[in-house]
Amino acid sequence: MSPVSSSTQPSGGSHGLHLQDACYNPGVARVLMVSSEAAPLAKTGGLADVVGSLPSALRSFGDEVAVLIPRYGSIELKGARRVYDKLAIYLGAVRYDASIYQAAEEYPVYLLDCPPLYDRKGFYGEAGLDYPDNHIRFAVFARAAFTVARSLFATEIFHCHDWQTGLVPAYLRTASAIDPTFLGVKTLFTIHNLGYQGLFPKSAVADVALDPGVFRPDGMEFYGRLSYLKGGIAFADFLNTVSPAYAREIQTPELGFGLDGALRARADVLTGILNGVDYREWNPETDPLIPANYSAGDLSGKQVCKRSLIEEFGLAPEAMGRPLIGIVSRFAHQKGADLIGEVAGQIVAEDTSLVALGTGDAEYEDMFRRVAAEFPGRVAVRIGFDNGLAHRIEAGADLFLMPSRYEPSGLNQIYSLRYGTVPVVRATGGLDDTIEEDTGFKFAEYSGQALLGAVRAAVGAFSDGEAWRRMMRLGMGKDFSWKASAAAYSALYGRLLGRA
Ligand code: ADP
Ligand code: GLC
């Protein structure tokens, strides 16, 4: 094992860093974010946006932050430095050879390179199927976090995100508990989505060399299977979700995905911190990815964006005078596409047009294709992942639709507010926390008719241009930057370290 010497590597050499070296700056925390995604390097959804933008906000509070993600095939190593060579990670007797790179960013972003595990087409699977060795992939990843903490970035808190990192707290409180390097080191586990749990057969316990004692209902067992998410829930020192409403909802049987009991058992260390957004990336005044910039004071550019979006999607030119509904979404059960399928015809009958961008489950992709074929010139869809187009839809649409079954936080409705694109959302989780009566339209019941009712209300409001622009401007003025939420994370770190 050999860390490659580098100027950013604190003292400690190949024998690892000592935590006391790390306490350069009492009152601030040294935090290693462990995540399967971080924008702009690796993104399938909002997790990447959060891990890509929270660190710099935390740095403004003095916290020192590094990020660890896998080096997927799509991540170029150009410009990155190898900072740890010949890293051997053992799961039982099986050895995985890896190295760690550091990307050229304003703070350390470490990339775990182990081509047989991560150099693949997808992050988690291909063609709708999960990779069969995901338990191994994210066990090796968790182990690598300990190497980073020992040798590259003296860590006081592992801030772990979603099931892919649930083994960090689990190993830390079992296998690594006796390692003096980690005495006093704390873990925060952030649940971005309870619907994805990382469930594996019982045999995975041995495959990833977990202490067999974890396989119990108050540990990581979930109805006979091993749950990586429960590794985080059971073993982390503190838990949070990404909105206050969702923190409450996951403790109920309706939205607890079978884990409400496990979460209620930890209610004293579970809180909700609303996601912030990065207005350097999502701001119509400066966005380089949209055809024309605009602001609350001068909305004329938005009409340019609308016209160009209508052309790009091949909608009828009359769409310019109609309310244009935008959708950007993972096409998944969570996101409520089935409701759109149910009432698409009635939505169009309200004299609207609709453009959608998304990718995911084949049944929803097919549904959108069907609706587009049924209403040519009125409805158009692009299947795929396209960041530039996501920005152009935010800018060019009048309304933004998010009829989610559940929504831990949601970022697109927040981006929509800033782009003057009035959100129509189901009142759940972060959607309920961020959209108010005067900035958008909400419906409660999960049904096509309830969604239609909200769309009708929005279309009615759209016809009064002056009132509509007032609503747009009100939304554009809302501030969901990271300031408040990063302060909440920073305070939580301080509390965890006994400094607050
Ligand atoms: P989730 O994380 O559940 O997918 P969020 O609203 O938190 O939902 O975040 C979604 C993020 O992913 C946003 O930045 C959105 O623009 C982006 N996104 C989702 N689907 C696509 C897509 N098909 N193409 C480009 N960006 C997408
Ligand atoms: C998840 C949730 C979404 C949230 C995002 C970032 O993917 O579905 O609501 O905004 O994580 O926290």
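One-based numbering, in listed order, for ligands and for the atoms of each.
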Would you call [X] and [Y] a salt bridge, using N to O less than 4.0 angstrom?
X    : Y    : value
E64  : R30  : yes
E312 : R392 : yes
K478 : E436 : yes
D366 : R370 : no
D133 : R120 : yes

May I ask you to identify the nearest protein heavy atom to [atom], giving residue, atom name and distance to one decimal place in Å?
atom                    : answer
atom 9 (O) of ligand 2  : E407 OE2, 2.5 Å
atom 10 (O) of ligand 2 : G410 N, 2.8 Å
atom 16 (O) of ligand 1 : N412 ND2, 3.4 Å
atom 11 (O) of ligand 2 : H192 CB, 3.3 Å
atom 21 (C) of ligand 1 : F385 CE1, 3.5 Å

Self-check item: Region of D49 that comes within reach of ligand 2 [heavy atoms, distance under 4.0 Å]
Solution: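 It is neither; nothing of D49 touches ligand 2.
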
Practice problem: Assess the pair F158 and F146: is the distance between their ring centroids shorter than 6.0 Å? | Solution: yes

Practice problem: For this output row, return yes or no: ring centroids of F331 and F368 closer than 6.0 angstrom. | Solution: yes

What atoms of ligand 2 come within less than 4.0 Å of a heavy atom belonging to [X]?
X    : result
P408 : 2 (C), 8 (O), 9 (O)
G46  : 5 (C), 6 (C)
V242 : 12 (O)
N275 : 4 (C), 6 (C), 10 (O), 12 (O)

Quiz prompt | Spacing of H159 atom NE2 and L68 atom CG [to the nearest 0.5 Å] | solution = 14.0 Å

Quiz prompt | Separation of I157 CD1 from D237 CG (nearest 0.5 Å) | solution =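 Interatomic distance, D237 CG to I157 CD1, rounded to 0.5 Å: 9.0 Å.
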
Quiz item: Has ligand 1 got any nitrogen or oxygen that is less than 3.5 angstrom from a nitrogen or oxygen of G46?
Solution: yes

Exercise. Return yes or no for this condition: an N or O of R330 is under 3.5 Å from an N or O of ligand 1.
Key: yes

Quiz item: Residues in side chain to side chain contact (heavy atoms under 4.5 Å, CB included) with D479, at least two apart?
Solution: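 In terms of side chain to side chain contact (heavy atoms under 4.5 Å, CB included), with neighbours along the sequence ignored, D479 is linked to Y279, S481, K483.
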
Practice problem: Just go through I191, L54, N193 and tell me whose heavy atom is the nearest to atom 7 (O) of ligand 2. | Solution: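 Shortest heavy-atom distance from atom 7 (O) of ligand 2: N193.
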
Self-check item: Option nearest atom 8 (O) of ligand 2 (shortest heavy-atom distance, choices M402, Q413, Q334, E37)
Solution: Q334

Self-check item: H391 touching ligand 1 at heavy-atom level, < 4.0 angstrom
Solution: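 Checking ligand 1 against H391, which is what was asked, there is no heavy-atom contact under 4.0 Å.
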
